[in-house]
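One structure is given below, encoded as structure tokens.
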Amino acid sequence: MKIFRNFNLLFKKSVLNKNGQLALPAVMCVPIVLLLIYLLKETTDLSAEKIHHQFALDTATYTELSFPVGTLNGFAYMNGAMPFELYREVFTDPKDDYNKVPGNEARNNGGKVRMMYDFLAESGAFVAPDDPTTFDDSRPRDADKRWTFHYRKGTRDEWDSPNPKQLKKEPKPLMINNDNLSNEEWKLESIYASNALLFYMGLAGIMEEIVTGHQKILDDVRDKSEFFRRTYYFNTLKGRESDAGREGARQVKKFNKITTLPMYIEGQLSYYYVTRSDILANGIVTPSYGNARRDIKLDEFSKKFDMIKTKDKIFQFVYLDRSTQKKLRDLQKGAPVVQSFEAPKNYFNVDMKKYKPRVKVRVQVMCPDSKNNCVWPDPTPNYQVRLLP
């Protein structure tokens with residue numbers, strides 16, 4: 001009985017005492033606090049997993065598109081700056097056998113001597129800056145939004161378009177020398193013209209091989225989507241590598257197909273060269289100059305030289321087909337890439353699959369052109385990849 005009375009007294013003091021009235025609600029709040037802690041932990045785990053996959057998707061998308069974007073910039077460089085710089089370097093060196101034009105040494109001394117570069121550029125053998133008078137200050141600059149390389153006006157105007165038309169297979173003068181034939185600075189002898197043509201065709205063949213090789217590699221990379229899938233896998237390390245990122249890879253594959261078409265000078269070429277005959281009169285030999293034209297069938301000329309791979313045409317540039325142009329216009333606005341992921345197991349055994357957890361990113365491929373075509377015309381290697389939330 002004494003024990004009962006002591007317990008009863010203790011109970012009354014603890015319950016009826018004002019200070020003890022907070023004990024019972026506090027005890028009842030413990031489960032709620034524990035539940036909140038568990039919910040916070042599960043939410044944190046799910047958020048961390050989503051952030052993990054979001055980073056993997058961003059990295060995989062950027063990596064997958066970086067290669068075609070780099071290739072597009074390579075095509076733009078091969079279409080404009082590279083041939084200009086290459087031919088300019090070769091055909092303006094007065095010491096080179098490919099560029100021997102009488103009087104061209106005056107170029108280095110500030111003279112206005114015509115060189116093999118002038119003959120080729122003026123006849124539309126390759127692209128060059130629009131203003132031919134700024135020879136020594138015509139290199140493109142990184143700060144320029146667009147690089148203006150064109151064939152000399154009046155030579156291949158049909159090509160100054162995103163969808164150029166192939167010229168008819170008819171003689172197109174390659175080196176023109178019709179004016180001022182009596183002027184020593186303007187003379188172009190046949191042997192030097194022939195040597196220059198050979199070297200020009202050889203360089204064009206090398207550039208064609210480079211472009212063709214890049215297009216093949218680009219197609220192989222796209223077909224396998226290895227950059228996307230492997231990058232996604234190595235950033236998540238979930239499941240099997242062969243299954244990683246398949247959903248996102250299929251979406252990227254729809255818009256990263258880049259197809260280019262080559263343009264050639266075909267058939268027959270012609271060049272003009274100076275002729276000289278000596279006239280003897282009153283014991284004095286006086287040279288007399290005229291001009292002649294030589295027509296060359298490309299297949300007959302090129303088959304004599306192993307360095308020329310393409311026998312019946314001369315490579316000029318590549319341009320984007322219409323479907324690729326449309327894809328790039330769409331990519332300029334942005335294209336979504338979505339990837340599902342498996343949520344981690346939770347304490348409450350809630351099946352998260354029915355909520356379809358996924359991550360997404362919006363990707364843009366952009367260049368300064370309003371239609372997003374910087375490959376041709378005005379080839380400018382300035383494509384970039386941009387990711388948006």
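Please read these numbers as outputs of a predicted model, since none were measured by experiment. Any value given below was found using the heavy atoms of this structure, including those in side chains, with hydrogens, waters and symmetry copies removed.
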Between the main-chain N or O of Phe315 and the side-chain N or O of Glu208, is there a donor-acceptor pair closer than 3.5 Å? no
Output the distance between atom CG (Asn372) and atom CZ (Arg329), rounded to the nearest 0.5 Å. 9.5 Å
Is it the case that over 12 heavy atoms from other parts of the model lie below 6.0 angstrom from the CZ atom of Arg358? no
Below 4.5 Å, heavy atoms only, C-beta onward: do Glu64 and Thr231 meet side chain to side chain? no
To the closest 0.5 Å, what do you measure between CG (Leu328) and CG (Leu72)? 6.0 Å
Check: Lys224 main-chain N/O paired with Arg229 side-chain donor or acceptor under 3.5 Å: yes
Should we count CZ of Phe227 as having more than 12 external heavy atoms under 6.0 Å? no
Would you check if Phe255 and Leu331 make a side-chain contact, meaning some heavy-atom pair closer than 4.5 Å? yes
Is it true that Phe75 and Trp376 have ring centroids separated by less than 6.0 Å? no
Separation between NZ of Lys313 and CE of Met263, rounded to the nearest 0.5 Å: 11.0 Å
Is a side-chain N or O of His53 found less than 3.5 angstrom from the main chain of Ala48, in a donor-acceptor match? no
Are side-chain heavy atoms of Ile210 and Met78 found at a separation under 4.5 Å? yes
Any chance the rings of Phe126 and Tyr117 have centres within less than 6.0 Å? yes
Decide yes or no on side chain to side chain contact (heavy atoms under 4.5 Å, CB included) for Asp321 and Thr260, but give the supporting numbers first. CA-CA 6 Å; Asp321 70 347; Thr260 59; over 6 Å; no
So do Gln339 and Lys360 actually touch side chain to side chain, heavy atoms under 4.5 Å? no
In Å and rounded to the nearest 0.5 Å, what is the OH to CD distance from Tyr319 to Gln325? 9.0 Å
Using a 4.5 Å cut-off on heavy atoms from C-beta on, say whether the side chain of Arg222 contacts that of Phe67. no
Check whether any side-chain heavy atom of Trp147 sits under 4.5 Å from a side-chain heavy atom of Asn79, and report yes or no. no
Report yes if some heavy atom in the side chain of Glu49 is under 4.5 Å from a heavy atom in the side chain of Ile51; otherwise report no. no
Chi angles and distances behind the salt bridge (Lys or Arg N to Asp or Glu O under 4.0 Å) call for Asp220, Lys216: CA-CA 6 Å; Asp220 291 343; Lys216 186 178 185 303; 3.3 Å; yes
Please test Phe84 against Phe149 for ring pair (Phe, Tyr, Trp, His ring centres under 6.0 Å), starting from the C-alpha separation and ending with a verdict. CA-CA 8 Å; Phe84 163 66; Phe149 290 104; 5.6 Å; yes
Any donor-acceptor N/O pair, Thr259 side chain to Lys257 backbone, under 3.5 Å: no
Point-to-point distance, once rounded to the nearest 0.5 Å, from CG of Leu203 to OH of Tyr87: 5.0 Å
Distance check, rounded to the nearest 0.5 Å: Tyr77 atom OH versus Asn382 atom CG? 14.5 Å
Does CZ in Phe234 sit with more than 12 non-hydrogen atoms of other residues, nucleotides or ligands closer than 6.0 Å? yes
With a 6.0 Å cut-off (strictly less than), is the heavy-atom count around CD of Glu342, excluding the residue itself, greater than 12? no
Check: Pro162 and Leu320 side chains under 4.5 Å, non-hydrogen atoms: no
Quick one: does Arg386's side chain have a donor or acceptor within less than 3.5 Å of a partner on Gln364's backbone? no
Ignoring hydrogens and angles, tell me if any N or O in the side chain of Asn73 forms a donor-acceptor pair with the backbone of Tyr383 under 3.5 Å. yes
Is the number of heavy atoms from other residues, nucleotides or ligands under 6.0 Å of Lys50 NZ greater than 12? no
